[in-house]
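All values below come from the heavy atoms of this structure, side chains included, with hydrogens, waters and symmetry mates left out. The sequence lines fix the lettering, A, B, ..., with proteins before strands; numbering per chain opens at 1.
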Amino acid sequence: MNDAARADALLTWFAAAQRSLPWRQTPPDPYATLVSELMLQQTRVDTVVPYFHRWMARWPDLASLAAATLDEVRAAWTGLGYYNRARNLHRAAQAVVARHGGQLPADPAALAALPGVGPYTLGAVRSIGFGQPAALVDGNVARVLSRWFALDAPPASGAGRRALWARAESLLQVPAARAAPSEWNQGLMELGALVCTPKAPLCDRCPVAPWCLALAQGRVAELPTRTPKKRATPVAAAYLLLVRDGAVWCGQRPERGRWAGLWEPPAAEGPDAHAALARTLPMIHDASALPPLTHTLTHRRYTVTPYLLDLQREPPDLSPLGYTASRWVSPDEAAAASSGLSRLAQKLVATISAR
DNA sequence: AACGCGGGGAG
DNA sequence: CTCCCAGCGTT
């Protein structure tokens, strides 16, 4: 039968071709699975690996993570992006300690109730962490299944999402897949990462090419259907770098929103950023403007003008700008992986020592 | 359903 | 440059 042969082909390929990744352990560790899956949300494997090693060395279990402070947790996340994930993981650890005795629950409803655990992560923790026959759909699986079955609905659409999850559930009913849900799901994702890539997929090396409808129809390049994406919004911003003894005066951003809880030199956005900053920090009029630099996020493209001032007096109060705390940050500290500064702020502080 | 949320690697 | 990555929470 088609389904059985295809399942065998993928599982055989995965057994031989899978990458050696630190969270692929036998026996599986549900906590390690949770950590890796939170880190891997919208983030590539190669980026996550060093963060995962540092994380597991520092917090080897949920109890130790729950006992850490949010600032420590967030500092360990510095550079990974999507910082709300760090907050979610920390809160999840505290919830597991409070409600489940420090052991991750195997019950799907209890898992789904944890912060940061959505449909994908639920399927991943269930199948990879606990060996349960649970389906999952991520960006890789969406691409693989869209091609296998020549699905025309955009994966991001409601209809596309429903179709993909239905296929994923259905495939998992094949006995070989159901007997090895961890390997099956990881095999689908590994195939998407290594063979069934977004551009220039390696169809001549694909273990399931004989069963690929898109390949048979010559439509591999046009599937999955792409959804038109929004352009990044241009944003102007001004940062005031107040320097004393080589250190820079930084504030901690609020818990909500962009770069939540991270540190940066005081800043304002918009065409009137300089004026807005001057209302709270009038000393900016004595500062010298440095050459602008750009920093691109997924949805925003920043053009930042840094203003530099050697400060002899006491540093100003930053709370009127919305910062919840403030401290001096040395260039060495800012450059460290666990500085708690956004990448943009790290760039800015680096411009000072480069002068 | 639509939007906000980082940063980096590949082509 | 563009695209997109082991997505989720909020509105």
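- Rounded to the nearest 0.5 angstrom, A:L242 CG and A:S326 OG are separated by 11.0 Å.
- No cation-pi contact links A:R126 to A:F130, judged by a cut-off of 6.0 Å to the six-membered ring centre and 45° from its axis.
- A donor atom on one side chain and an acceptor atom on the other are not found under 3.5 Å apart for A:D332 and A:S330.
- OP1 or OP2 of B:dG6 has not a single side-chain nitrogen or oxygen of A:H295 nearer than 4.0 Å.
- Comparing atom distances between the A:L297 side chain and each of C:dA6, B:dG6, C:dC3 picks out B:dG6 as nearest.
- Here A:L21 lies in heavy-atom contact (under 4.0 Å) with a base.
- Counting non-hydrogen atoms under 4.0 angstrom, A:T47 reaches nothing in the nucleic acid.
- At the heavy-atom level, A:G118 lies under 4.0 Å from the strands shown only through sugar-phosphate atoms.
- In this structure, A:R87 atom CZ and B:dC5 atom C1' are separated by 14 Å, rounded to whole Å.
- Across all strands, A:G79 comes closer than 4.0 Å only to sugar-phosphate atoms, never to a base (heavy-atom distances).
- Between the side chain of A:T298 and the base of B:dG6, at least one donor-acceptor pair of N or O atoms lies under 3.5 Å.
- One finds a side-chain N or O of A:R300 lying less than 4.0 angstrom from the OP1 or OP2 phosphate oxygen of B:dC5.
- Map A:E37 and A:R256 each onto its nearest nucleotide of DNA chain C; the residue landing nearer the 5' end is A:E37.
- Cation-pi geometry between A:R74 and A:Y83 is not satisfied (NZ or CZ under 6.0 Å from the ring centre, within 45° of the ring normal).
- One distance of note links CG of A:L171 with CG of A:L145; it measures 6.0 Å at 0.5 Å rounding.
- Rounded to an integer number of Å, the gap from A:R226 CZ to C:dC4 C1' is 9 Å.
- When the nucleotides C:dG9, C:dA6, C:dG7 are ranked by their closest atom to the side chain of A:T121, C:dG7 comes out on top.
- Between the side chains of A:E37 and A:Y120, a donor-acceptor pair is found at a separation under 3.5 Å.
- Atom CG of A:D46 and atom C1' of B:dG6 are 17 Å apart (whole Å).
- If you check residues 126-139 of chain A against DNA chain C, the residues with a heavy atom closer than 4.0 Å are A:D138, A:G139, listed by number.
- At the phosphate of C:dG7, OP1 or OP2 sits under 4.0 Å from a side-chain N or O atom of A:Q42.
- Atom C1' of nucleotide C:dG9 and atom CG of A:L114 are separated by 14 Å, given to the nearest angstrom.
- Heavy atoms of A:R44 sit under 4.0 angstrom from at least one base atom.
- Position along DNA chain C of the nearest nucleotide to A:T296 versus A:W23 favours A:T296 as the more 5'-ward residue.
- Comparing A:G257 and A:G158 along DNA chain B, the residue whose closest nucleotide (by nearest heavy atom) sits nearer the 5' end is A:G158.
- At a threshold of 4.0 angstrom between heavy atoms, the contacts of A:V117 are confined to the sugar-phosphate backbone, with no base atom among them.
- A:L164 places its CG atom 15 Å from the C1' atom of C:dA6, with the value rounded to the nearest Å.
- The separation between A:L89 atom CG and C:dC8 atom P is 13 Å, rounded to whole Å.
- Shown are A:K347, A:R343, A:R253; of these, the salt bridge (Lys or Arg N to Asp or Glu O under 4.0 Å) with A:E264 is made only by A:R253.
- Comparing B:dG6 with C:dT11, their P atoms sit 16 Å apart, to the nearest whole Å.
- Considering CD of A:Q346 and CG of A:L262, their distance stands at 9.5 Å, rounded to 0.5 Å.
- Whole-Å rounding puts the A:L80 CG to B:dG9 C1' distance at 14 Å.
- Here the side chain of A:K199 is nearest to one of C:dC3, B:dG7, B:dC5, namely C:dC3.
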Checklist entry - What's the verdict on side-chain contact (heavy atoms from CB on, under 4.5 Å) for A:L290 and A:T305, showing C-alpha distance, side-chain angles and the deciding distance? => result CA-CA 7 Å; A:L290 303 182; A:T305 307; over 6 Å; no
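- Annotation: cation-pi geometry not satisfied between A:R327 and A:W249 (NZ/CZ under 6.0 angstrom from ring centroid, within 45° of ring axis).
- An OP1 or OP2 oxygen of B:dC5 is reached within less than 4.0 angstrom by no side-chain nitrogen or oxygen of A:R343.
- Put simply, A:T197 has no side-chain N or O that comes within less than 4.0 Å of OP1 or OP2 on B:dA10.
- Taking atom C1' on both nucleotides, B:dG8 is separated from C:dG9 by 24 Å, rounded to a whole Å.
- Comparing C:dA6 with B:dC3, their C1' atoms are spaced 22 Å from each other, to the whole Å.
- Residue whose closest nucleotide on DNA chain B sits further toward the 5' end, between A:G81 and A:R161: A:R161.
- At a threshold of 4.0 angstrom between heavy atoms, the contacts of A:R143 are confined to the sugar-phosphate backbone, with no base atom among them.
- Put simply, A:N84 has no side-chain N or O that comes within less than 4.0 Å of OP1 or OP2 on B:dC5.
- The distance between atom CH2 of A:W77 and atom C1' of C:dG7, rounded to the nearest whole Å, is 12 Å.
- Listed pair A:W259 / B:dG7 meets the phosphate criterion, a side-chain N or O lying under 4.0 Å from OP1 or OP2.
- For A:Y82 and C:dG9, the shortest distance from a side-chain N or O to OP1 or OP2 is not below 4.0 Å.
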